[in-house]
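When a ligand or atom number is given, it counts from 1 through the structure's own listing order.
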Amino acid sequence: MTEKPANKMWGGRFEMGHAQIMEEINASIGFDKVLGPQDIRGSKAHAAMLAAQGIITAQDATSIIDGLSKIEAEISAGQMVWSRSLEDVHMNVESRLRDLIGTAAGRLHTARSRNDQVALDFRLYIRDRVDGLDAALGRLMLALARKALAHAGTVMPGFTHLQPAQPVTFGHHLLAYVEMLARDRSRLADARTRLNECPLGAAALAGTSFPIDRHMTARALGFDRPSANSLDAVSDRDFALEVLAAASISAMHLSRFAEEIVIWMTPQFSFIRMSDRFTTGSSIMPQKRNPDAAELVKGKIGRIAGAFQSLLMVMKGLPLTYGKDMQEDKEVTFDALDAFGLSVDAMSGMVDDLEPRVDILYAAAGRGYSTATDLADWLVRTLQMPFREAHHVTGRIVAAAEGKGVDLEALSLGDMQRVEPRITSAIFDVLSPENSVKSRTSYGGTAPQNVTEMASRWILQLEKPAETG
Ligand code: ARG
């Protein structure tokens with residue numbers, strides 16, 4: 001076996017290269033090469049600052065920055081050759097820079113370490129992804145709000161315990177998810193605010209003796225400020241954890257909606273129709289139409305919430321500052337953000353595609369004595385009955401309907417009057433699902449007029465082009 005030479009980037013005091021298995025466990029290039037664009041952005045800002053501060057010459061900075069631009073182009077053209085023996089994206093880029101511009105490349109790493117470099121790259125990457133996810137969530141909310149407006153008056157059963165509870169409108173149901181997603185977005189925005197501090201210049205852990213300008217690099221990279229403590233800057237990954245936590249909560253919301261789609265798609269419910277674009281067939285049962293996309297959205301949450309757990313476990317026992325354990329922060333985070341982004345987009349597609357089956361929904365809304373509360377409320381309003389007593393009287397009327405095997409609407413006035421003689425035929429006005437939803441005009445209630453107003457407001461807000469901050 002021929003002996004490998006030591007790593008040329010840090011191998012000054014090393015005589016031998018790595019064992020095969022060491023290279024395998026140590027190298028991160030297989031996954032951190034996605035940080036290439038962020039690594040280059042950071043290095044350009046660093047080089048410009050070093051020159052501005054007179055730490056390197058303007059000439060060296062120019063050739064470094066030009067070289068980095070070439071590498072950037074190579075990466076985006078898929079021409080960059082990544083080498084595992086160079087371990088990671090940072091050393092691959094620097095080594096390529098040396099091929100391109102020669103010794104000046106060696107000046108780029110002045111007043112910097114891979115510790116602040118990776119903290120920077122990872123932050124930039126997550127910030128970019130958060131911005132993309134925010135836009136994707138906005139598109140999903142808009143799709144939901146538009147469908148809600150179209151179905152502001154479509155009556156469906158509302159459930160508690162998955163038992164028919166009270167009639168609601170389809171639009172109102174969809175707008176519930178718009179509210180949840182709005183909170184998800186604001187959680188991501190909160191996380192973004194806190195992550196927007198620049199770790200570059202913390203160097204290995206203690207800062208540097210070079211007269212760097214951390215405010216300059218922070219500004220150039222779009223950060224609000226440089227991080228205030230160099231040890232903290234290189235050692236924490238709470239910014240990634242926060243985003244993963246926010247993504248997990250949001251994925252939970254998507255998963256609940258996906259489960260409803262699965263239920264609604266069963267022949268037993270038949271609440272919605274979904275086209276061939278978002279369903280699959282079975283290889284053995286010709287009659288099947290399976291809601292695979294919705295099922296996968298439910299399935300993906302395991303990876304997303306799992307990534308949060310995984311990173312939390314990586315971090316929990318680490319003494320300050322950097323430890324190589326932290327290299328494990330990336331794969332799970334990349335995978336989780338990919339899975340989450342895919343789920344959001346798939347959900348948008350499904351929302352556009354699905355159509356409620358209006359007649360089936362209406363018929364289902366009337367089953368299960370779903371307007372019993374309306375009946376009780378009528379007794380309270382018209383007969384000034386205390387609600388508790390009205391509840392009891394209604395219960396007896398429901399029992400009478402159950403005994404006859406009919407819905408409340410189909411029970412005769414005589415049957416009702418046998419339970420409560422003061423009931424008049426006016427009661428029938430409140431027993432239809434349609435009138436039931438129309439009456440729910442309290443703020444945040446399901447009445448079609450409320451839904452139309454709320455959906456329109458959301459659409460107006462979501463169609464506005466994003467303000468650039
Ligand atoms: N590949 C490393 C990581 O992902 C980069 C930082 C390496 N730093 C070090 N001191 N070995 O964390």
Open item on the list: Looking only at protein heavy atoms, which one is nearest to atom 11 (N) of ligand 1, and what is the separation?
Closed with: Arg114 NH2, 3.5 Å
Open item on the list: Can you tell me which residue among Gln38, Glu94, Arg112 is in a side chain to side chain donor-acceptor pair (under 3.5 Å) with Ser43?
Closed with: Arg112
Open item on the list: Main chain of Asp134, side chain of Arg185: is a donor-acceptor contact present, judged purely on distance under 3.5 Å?
Closed with: yes
Open item on the list: Just to check, does Lys330 reach to within less than 4.0 Å of ligand 1 when the distance is taken from its heavy atoms?
Closed with: yes
Open item on the list: With heavy-atom distances below 4.0 Å as the criterion, list the atoms of ligand 1 near Ser28.
Closed with: 1 (N)
- [ ] Taking atom CZ of Arg107 as the centre, report whether more than 12 heavy atoms of other residues, nucleotides or ligands fall under 6.0 Å from it.
- [x] no
TODO: Could you tell me the residue and atom name of the protein heavy atom closest to atom 1 (N) of ligand 1, and the distance to it rounded to 0.1 Å?
DONE: Gln327 OE1, 2.7 Å
TODO: Using atom types as modelled and distance alone, determine if a side-chain donor or acceptor of Lys44 lies under 3.5 Å from a backbone N or O of Leu68.
DONE: no
Task: Of the listed options Asp88, Ile29, Asp116, closest to atom 5 (C) of ligand 1 (non-hydrogen atoms) - done: Asp88
Open item on the list: Ring centroids only, cut at 6.0 angstrom: are Tyr125 and Phe334 within range, meaning strictly under it?
Closed with: yes
Open item on the list: Around atom CD of Glu260, are there more than 12 heavy atoms from other residues, nucleotides or ligands closer than 6.0 Å?
Closed with: yes
Open item on the list: For the 3.5 Å polar cut-off, considering only N or O atoms, please tell me whether Tyr322 and ligand 1 meet it.
Closed with: yes
Task: Nearest non-hydrogen protein atom, atom 8 (N) of ligand 1 - done: Asn115 OD1, 3.0 Å
